[in-house]
Amino acid sequence: MSGSADAEITIAALDNDLAVLDSLQMLLTLNGYSVRTYSSARSFLDDVHRCTPHCLILEPNLEDSDGAAVARQLTESYLFIPIVALTAYPDSARTRELADIGVHTMLAKPVTSEVLLSQIASALLSQ
Amino acid sequence: MLAVAALKRLLPGVHYEDAPRTVGGSQDDQWRDAHGRPGTLRRRTDCVTPLASGFDSILNAIAEAVLVTDRHGTIVLVNRQTERLLGYAASHLVGQSVEMLVPELARERHADYHREYLKAPRLRPMGEGAQLHVRCEDGSEIPVDIGLSPVTISGEAYVVSTIHDVTARVQAEERRFRAIFQQKHQLAGIVELDGTLSDVNDCALDYSGLQRPDVIGQPFDKTGWWNHDPELQKRLRDAIRAAKKGATVAFDATHPKADGGLGLVDFSIRPVMDESGDVSFLVPESQDITDRRVAEDAKDALQRAVELAETATKTKSRFLAAASHDLRQPLQSLGLYLSVLDRQLDSDAHLEITAKMRRSLDVMGELLAALLDVSRFDSGSVVPKVSDFPLQDVFERIYADNVQQAEAKGLVLHVDATELRVTSDPALLERIIENFVVNAIAYTKTGSITIACDVNGGDARIVVADTGIGIANDQLDSIFEEYYQLDNSTRNRQQGLGLGLSIVRQIARLLEHAVGVESTPGVGSRFSVDVPLAERDTAIEADEQVSARDASYSPVVVLLVDDDPAVLDSTGLLLDSEGCTVHTATCGSDGLDKLAAGLRPDVLITDFRLPDFDGLELIRRARRTAGSELPAIVITGDTSNSAADLGKSDQLHLLHKPVCVDDLLALVRRAREA
């Protein structure tokens, strides 16, 4: 990804926790990204074709779905979006399932903003 | 039993007197002697039979009481034993009805039995089953066994009875019965077939505080043990019915206790049969099981409490884990918000505040991690993944992760490289060792921390040693407890939660590795963990260990004698670095003094040229003290043949200067093996 100054890089964040979504939005916006936040898998998947992000920050343990299902949906739609998983449940089965499918990075909350930003950058570069 | 007729057959030719006699109230009884002459019974006080004195003597010599009655039950003949037994003179017996001898209670039935007997008379004991008694002159009643035998004389029917006093036997039986009956632990009684209680032991009376006269003769189910509970009374009546038919019935029951409470008993009632298999009476017994029940209840309660506690722990752990996970969310958002805020602040004062906020946030993160750890191990959700791996890998990772922290405190972190391989879970083992290292760094002000390992049996013992503040003896156990921290009575959170060692203990327990600690306050501490060696290396390690042990624990002892201090020094150092224990002397006599003082070196190394006497002389004298087998090496600068010859003859090794180090070492080693 060449990251030209004009092209807007969109990061999508999918998580049930509103404070996490809000703080992510503030941090990423401050760092020059365009951010779209979703609090349910449904709302994300409905939107993803219209507004395809360059990277997805995903909590695998969602109320209405799980990370693996979302990831599968994306690949089935030929949307190859790198995923940075950011989970509050590192030991859960759903987290493991997502890890098995394959993500760019698996992070456990809480991570520092430095770590998060560098992982996002690396995910974007992997494209 | 003997019949008169039988006696007569036994004594043919005996003359019988025939003095006529009258027997009160009945016609004269006639019998015939051997010759067919009639004779009669004589009633005389001094002679119980009118037979010839021989027969008399025999009759009176019989050890049993003998008594003959006619078909009316009149006593017609008695012997001396009968008189003795009953206390009557024969004259008061003969001619009387035998009923006088029958106890009053039995008299009614006796007449019937007598009649029955005469209908079908035969040789048999009287009164099968029940205990018979005879009534004596003084009114007392003696327990007896009576044997009956019919005889016919002159067409008249008589019964010959023998009466055997069984008082002693009855008393012995009674004593045995009483002994069993009156034992202290079991309530026991005797219930007759009509359901009434005919006997009871003191234990039963005392248990319920009842008096003997109140219960004896009463229907058992109406007595004080039972009348507190109508259900129980009915159950007892059913049991008595079944027992009368031959069954033994048992059930748990309650009896009122003397102190007013209710006791729980194991009750049973069983029939006792007579010789013909009929039930003659019942034996009720009760065993107090209140204590046993209390103990069982306590055991059950304890079991339930343990299960409850285990469930509670698991629940608590699961809850802790769940809550901890929820905590991750606000920690994440808070961290990100703080980063955003930081970027928007200019003032140093403000930035200082956010920096402090950041530190607090970090501590919270650590606390969370520690809590999660504890709960994870508590709830048993950690499963070790065991494999074989080289320890060095773990050591290197720990070194890399911690060296900076150590150096920041001015401490040296050192790892003794090892080639040992072990069988364990590498991630969990790393946590144990890292925890030791982190603690060591935290509790050491100056000096060093060393990670090393050694072989200890089939295990690798990994030791983290520090030069820190140490731990007092009485705290050595406590440090492994949760939240225990030395030196942190104010619970300064910056020093962590104090959960590290408790987690170490849990991991160690999970992996079945032994953990140990030694410490000297003010000097330092050594924390160790024993990990099984990877199998295929065990043999090799053992060998290495043996030789290593040889070198370190029983080093070669060398006595080095040379008058040149530089040589002494350098050779001594060389040998020392090879693991030898070196003793030095600068002249022969010094060397001999050391031997005289008790030194027994494995090898003596001496220069040929010494100030007092030459090396060969020294060797000779040394061998007188330390044994002729003492290996010796002479170092000489003399290359002449004489020296070489000496070497061969005196059983020593000769080395020429300048000495080849390898040669010297090889000789020393060989000397040790010799």
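Note on naming: letters A, B, ... go to the chains in the order of the sequence lines (proteins, then strands), and numbering restarts at 1 for each one.
- For a residue to count as touching a neighbouring chain, one of its non-hydrogen atoms must lie under 4.5 Å from one of that chain's; by this rule A/D22 touches chain B with backbone and side chain alike.
- Nearest heavy atom pair, residue B/L336 against residue A/V111, reads CD2-O, 4.4 Å.
- Inter-residue side-chain proximity for A/P90 and B/R328 is flagged as met; some heavy-atom pair is nearer than 4.5 Å.
- No more than 12 heavy atoms of other residues, nucleotides or ligands lie within 6.0 Å of CD in B/Q404, so this atom counts as exposed by the packing criterion.
- Ranked by heavy-atom pairs under 4.5 Å with chain B, the first of A/N31, A/D15, A/T112, A/L24 is A/N31.
- The 12-atom threshold is exceeded at CD of B/Q405, counting heavy atoms of other residues, nucleotides or ligands nearer than 6.0 Å.
- Taking CG of A/L117 as the reference point, atom OG of B/S339 lies at 8.0 Å (rounded to 0.5 Å).
- Taking the side chain as every heavy atom from C-beta outward, A/L86 and B/Q332 approach each other to under 4.5 Å.
- Atom CG of B/L327 and atom NZ of A/K109 lie 12.5 Å apart (nearest 0.5 Å).
- Contacts between residues 341-357 of chain B and chain A, defined by a heavy-atom separation under 4.5 Å, are made by B/R343, B/Q344.
- The candidate from A/L30, A/L21, A/T29 with the greatest count of non-hydrogen atom pairs under 4.5 Å with chain B is A/L30.
- Checking A/S23 against B/S333 by side-chain atom types alone, no donor-acceptor pair falls below 3.5 Å.
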